[in-house]
A.B. asks: 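One structure follows; several queries about it will come next.
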Amino acid sequence: MMCPRIQEFSSSRLRGLFLDFFKDKDHTVVQSAPIVPDDPSLLFTTAGMVQFKPYYTLESEIPFSRAVSIQKCLRATDLENVGHTIRHHTFFEMLGNFSFGDYFKEEAISWAWEFVIDVLGLDKEKLFISVHMQDEEARKIWREKIGVPEPKIVGLGDEDNFWGPAGLTGACGPCSEIYIDLGEEKGCGKPDCGVGCDCDRFVEFWNLVFPEFYKDEKGKLSPLKRRGVDTGMGFERLVMICQGKSSSYETDIFLPVMRALEEKGSIDSGKAKIPMRIVADHARALVFAISEGILPTNEGRGYVLRRILRRAVRRGRDLGLKGPFLYELVGVIADSMGSIYPDLLRDPGKVSLVIKGEEERFRSTLDEGMGKLDALVETAKEKGERSLSGKEAFLLHDTYGFPIDLTVEICSEAGLSVREDEFEKEMALQRKRAQETGEFLQEKEERKVWKPWVLVSSGIATAFVGYTKLSQNVKVRRYREGEKGLPQIEAVLDKTPFYAEGGGQVGDCGRLIGPGIEVRIETARKEGDLLIHCGEFVRGEPKLLAAPGLVAEIDKNVRDAVKKNHTATHLLHTALRTVLGEHIRQSGSFVASDRLRFDFTHFSALSPEEINSVEDLVNEKIQENLLVKTSTTSLEGAKSQGALAFFGEVYGDTVRQVIVGEKDYVFSRELCAGTHASHTGEIGSFRIVSEKAVGSGLRRIEAVTGRAADEYLDEERNFLTELEDFLKVPRRELLDKVKALQLENDRLRKKLDALQGESALSIALKKLEEEPILVNGVRVLTAPVDAPDIDTLRIVGDGLREKMGRGVAILGSAISGKISIVIAVTDELLREGKITAGEIAKELGSRLGGGGGGRPHLALAGGKDPEKLAEGLETGRRLVEERLRAG
Ligand code: SER
């Protein structure tokens, strides 16, 4: 036992002990920041210090110089290790104390020691220390102030003992770690096993970082403005140590979820240790992340989530769990952690729905894909190969949604590697193909081949004046003509009112005119630093582009329509977040003059009521005629005002905000460079035209505004009028009319079927009279029947049974592209016990390549090829005759 007071150390008590200890030392207790950090260079919050990053670097005021926190963290770096070791996790909690320009190494080390020895009562004999090999100062403090014997202090290099920064830039510095020796039995037994070894014996549980450098984008280190302390203790590891458990999965943190898994049926928890741990870990990560509104998607954080989910689903399959199971763990996790992280209790039902949907989608392809992968592994092994080709891994990814790490893991369990460089090549090719055929690109003109640029005046940057001006006197800086005498032309200007395609908004169109020259500009776009106007000559020739007196003017009508759509897109975004929830994130948009398109993350289709509410809310804001204004601020300023920014977008230091509403009522605030209406009333009206899925967890809304919205309504009205004329009822009665027609149609169909049955029966009866075939005195009738469905065929069979005396009827029909043959045996014959319809149908079905069987008096055989009906009937007759003769 590691710790003498194990019983006392429940996980919730340990959290309290840590916070109280540092609170007593004047630290401000700070709540955990979200898992999605406010830092575009980081996908997730990976450490306690992430929310404090600016405090080490900025010269601005800091609210406190000492802080203590318990931070929820997500790291995908250890994904492969999770479950295979006793201590790795994707989601975990990090206990940390921090100093910003306040205390440094001496206090950090002394307090850490005081906490582990005096408060937790860990056995000092079992503790080991690592320091950075050049950090004499830290080594000295451990040795002289704390009294740790020199042999138990290990010096390691940058790889192990230099930490940070989190993300691309920021605070970093040497660190010192505290390890515990869990005993030889946990070790790998290698002669050099010791502190820093990857095995489970020496577990690092507390990292004390001494940030004293700032790392910039180029990797250069400079002294930090506020050097300080950043410590991080892995909470799950600490609880494992204090509760004397042999892995973090056996602590009270994981107990509820592990128990829930065990109860899921016939899981042998001894054998299933690793898959169970993986499922338990991944389920926590999913629940925490999805509760914050991240959804599984195909890129960025969403993709990390999808990978985690798919790995968990695969392990559930290994555990023999049928169907979706992960979603059932949401409640267990929310119940056990919700008191500490109230986000989890906000809408666990929604989280379950998201997980269940993803699970269901992936589970069916997983079952198929595993079959395929097993076969690939088998073949590779038979051929004596030691790796799987990247192309095959790519096909698994593309067809079955196997993330590459999953393929690599499954292969490595079978002793094969995966040629990942080939996989990357295939992915790059696919991205290129997607770009070439992507919808957005299709909407652009085809790429042309150009002659070299002709430089007219110096400079390449173009001043955009189009927020306020529709036309502008301009000078051409450079132009180029299309190859082979094409009339196409591209030009770069010194100034321009033309908005270049970007941020989802199409480029402006218009014209460039001057003495003897007119160019129709179809669009403007950016290529690197160049803002290129793309058009076609209406009049004049290229060299006139170098002459003075040119004016660039945009098509006002088109711009106006685009503006309305762009402002409406912002209203739509906020309306979706209001109606469906804060988890909605824009994942793409397309704003043109005739329509707008908005892609966003959401886990299910919108109901008609939700679509109505969204549409109504947008129209309400249009009617309120809210002011739309723009303001330029710092990125930080914009974010602190709550502006919607898009992850993965790179913004400069100053950003433009588009704000809908006035000071006391702001409906929408987004970072955006596009052109907008000046009041929402200009939009006129807004109609959603369609809502559909465009990927897993991704929805697309298409909508129209202004005149296009009116036209859309006109079209709908015209359509209703046409329908009224055609059905000769007023529109309020249309639905009743259609229902009545449908009922009438059903009634007639039934009648027709019955008539067809009767007529088929009378034809068959006639045939019976004409050509009775007797086998041992039994009448055997074989006939094709014109039956619309199997029921009719049965009715005819039954009808014949009553008329045949001792007889068997074999009646066939081609129905829905297949053969159906009914065998009917009369009661008189049945009583003799010679033959049953069921046995004949069974045999016949198997000969025809379909199934067969049924009751003794009436049975059905099926066959695939309708061309072979006659042959099938003949086979049926032979089978019956053989049977009768044998009897
Ligand atoms: N930032 C350090 C870590 O993540 C200590 O908090 O390990």
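In each ligand, atom 1 is the first atom listed, and ligand 1 is the first ligand listed.
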A.B. asks: Just to verify, which of Gln71, Lys72, Arg15 counts as forming a side chain to side chain donor-acceptor pair (under 3.5 Å) with Glu93?
C.D. replies: Arg15

A.B. asks: Check step by step if ring-ring contact (aromatic ring centres under 6.0 Å, His included) holds for Phe128 and Tyr179.
C.D. replies: CA-CA 5 Å; Phe128 287 76; Tyr179 286 76; 8.2 Å; no

A.B. asks: Give the contacting part of Asp230 toward ligand 1: side chain, backbone, both or neither, where contact means a heavy-atom distance below 4.0 Å.
C.D. replies: both

A.B. asks: Given the ring of Phe213, does Lys215 sit roughly above its face, with NZ or CZ under 6.0 Å from the centre of the six-membered ring and within 45° of the axis?
C.D. replies: no

A.B. asks: If you count the atoms of ligand 1 from 1 in the order shown, which ones are under 4.0 Å from a heavy atom of Ala47?
C.D. replies: 1 (N), 4 (O)

A.B. asks: Distance to the ring centre below 6.0 angstrom and angle to the axis at most 45 degrees; does that hold for Arg227 and Phe104?
C.D. replies: yes

A.B. asks: Which protein non-hydrogen atom lies closest to atom 7 (O) of ligand 1, naming both residue and atom, and how far is it?
C.D. replies: Asn207 ND2, 3.1 Å

A.B. asks: With heavy atoms under 4.0 Å as the rule, classify the contact between Thr231 and ligand 1 as side chain, backbone, both or neither.
C.D. replies: backbone

A.B. asks: Would you say that more than 12 heavy atoms from the other residues, nucleotides or ligands in this model lie under 6.0 Å from the CG of Asp192, or not?
C.D. replies: yes

A.B. asks: Could you tell me which atoms of ligand 1, counted from 1 in the order shown, lie closer than 4.0 angstrom to a heavy atom of Val209?
C.D. replies: 2 (C), 5 (C)

A.B. asks: Tell me, please: is Arg75 in heavy-atom contact with ligand 1, that is, under 4.0 Å?
C.D. replies: yes

A.B. asks: Does ligand 1 come near enough to Gly232 that some N or O of the ligand is less than 3.5 Å from an N or O of the residue?
C.D. replies: yes

